[in-house]
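Scroll down for the structure; my scribbles are underneath it.
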Amino acid sequence: DLIIDSSDPATPQITIPVTLHVTGDPIARVEPSSLDFGEVFIGATTALSVEIHNDGAGPLNVLHMVSVDPALAVQPSNLTIPVHESRLVTVTYAPVAVGPLSTTVTITTDAPITPVLTVAVLGNAVFPPIVGVAPPTVEETLVSGDSLDISLTISNTGGSSLNWTV
């Protein structure tokens, strides 16, 4: 309440009821500001996350998150983040062609100070390894106590290094 004291002998004090509604704006921030998927095999998918923060005084509406590169998907594509909270967003890379990836994810919000955020995205799509084993089958009969050495040839006809163990 607002109290006004005066020298008026008939009304020495007046009380005025006061109601104050304070509203605030959201402030958007994203971490990290870049993602690097490294090498990803064609036909495979790899997912990384970014965290969107609301550092403001009002709820943050993330209206749209998208990349111009069709090999990237962002989930969820929109959301609301309460004051002083954050949410994880998944960026998935599913390459269909060999080559480097250099693009951005654009995040559009209703924050007046930070209406658009960007995340730089790098990666490289490569052909996967293709394992071959020769001979394709092994069948031997041994007498108990005997041993046998068998040679196998492991080959790679794919486009990336092949790691293997026996």
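No hydrogens, no waters, no symmetry mates; every other heavy atom, side chains included, goes into these values.
- Residues V131 and W164 have side chains not in contact (no heavy-atom distance under 4.5 Å, counting atoms from C-beta outward).
- The two residues H84 and G56 have their closest heavy-atom pair at NE2-O, 3.6 Å.
- One finds the CG atom of D146 at 9.0 Å from the CG atom of L148 (value rounded to the nearest 0.5 Å).
- Residues I150 and L142 fall within the same hydrophobic cluster, defined by Ile, Leu, Val, Met, Phe, Trp and Tyr side chains chained together at heavy-atom separations under 4.5 Å.
- You'll find the side chain of V30 stays beyond 4.5 Å of the side chain of V89, heavy atoms only.
- Panel note: side chain N54, backbone I81; a donor-acceptor pair is recorded below 3.5 Å.
- The shortest heavy-atom contact between S86 and H53 is CB-ND1, 3.4 Å.
- The 12-atom threshold is exceeded at CG of L162, counting heavy atoms of other residues, nucleotides or ligands nearer than 6.0 Å.
- Applying the salt bridge (charged side-chain N to carboxylate O under 4.0 Å, His left out) test to residues at least two apart or on different chains, none of the pairs has a partner in residues 108-136.
- Among pairs with a residue in residues 4-13, those fulfilling side-chain hydrogen bond (donor to acceptor under 3.5 Å, both in side chains) read D5-Q13, at least two apart in sequence or across chains.
- The two residues P17 and D1 make their nearest non-hydrogen contact at CA-OD1, 3.4 Å.
- V40 and V96 are assigned to two separate hydrophobic clusters, defined by single-linkage of ILVMFWY side chains at heavy-atom distances under 4.5 Å.
- In this structure a side-chain-to-backbone donor-acceptor pair under 3.5 Å is missing from T104 to T106.
- Residue Y93 holds its OH atom at 7.0 Å from CG of D69, rounded to the nearest 0.5 Å.
- Here E39 contributes atom CD and L101 contributes atom CG; the two are 13.0 Å apart, rounded to the nearest 0.5 Å.
- Side-chain contact between D25 and I113 is absent, with no heavy-atom pair separated by less than 4.5 Å.
- The side-chain heavy atoms of I14 and I16, taken from C-beta on, include a pair separated by under 4.5 Å.
- R87 places a side-chain heavy atom less than 4.5 Å from the side chain of P82.
- Both V50 and L79 belong to a single network of hydrophobic side chains, linked directly or stepwise wherever heavy atoms of I, L, V, M, F, W or Y lie under 4.5 Å apart.
- The hydrophobic clustering, which links ILVMFWY residues whose side-chain heavy atoms are closer than 4.5 Å, places I27 and L60 apart.
- In this structure, I4 is a member of the same hydrophobic cluster as V18, with clusters built from ILVMFWY side-chain heavy atoms closer than 4.5 Å.
- Nearest heavy-atom pair, P26 versus P112, reported as atom, atom and distance to 0.1 Å: O-CD, 3.9 Å.
- Rounding to the nearest 0.5 Å gives a distance of 12.5 Å between OG1 of T108 and CG of N61.
- Residues A97 and I42 approach most closely at C-CD1, 3.3 Å, considering heavy atoms.
- With a 4.5 Å cut-off on side-chain heavy atoms, L122 and F37 do not count as touching.
- Between the side chain of S160 and the backbone N or O of F127 there is at least one donor-acceptor pair closer than 3.5 Å.
- The only option from I52, N78, V116, T114 that meets the side-chain contact (heavy atoms from CB on, under 4.5 Å) definition with I107 turns out to be I52.
- Atom CD of E31 sits about 11.0 Å away from atom CG of L88, to the nearest 0.5 Å.
- Heavy atoms only, all atoms of each residue included: S49 and T90 are closest at OG-OG1, 4.1 Å.
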**Prompt:** Checking side chain to side chain contact (heavy atoms under 4.5 Å, CB included) for the pair V119/V91: CA distance, chi angles, key distance, verdict?
**Reply:** CA-CA 10 Å; V119 176; V91 180; over 6 Å; no
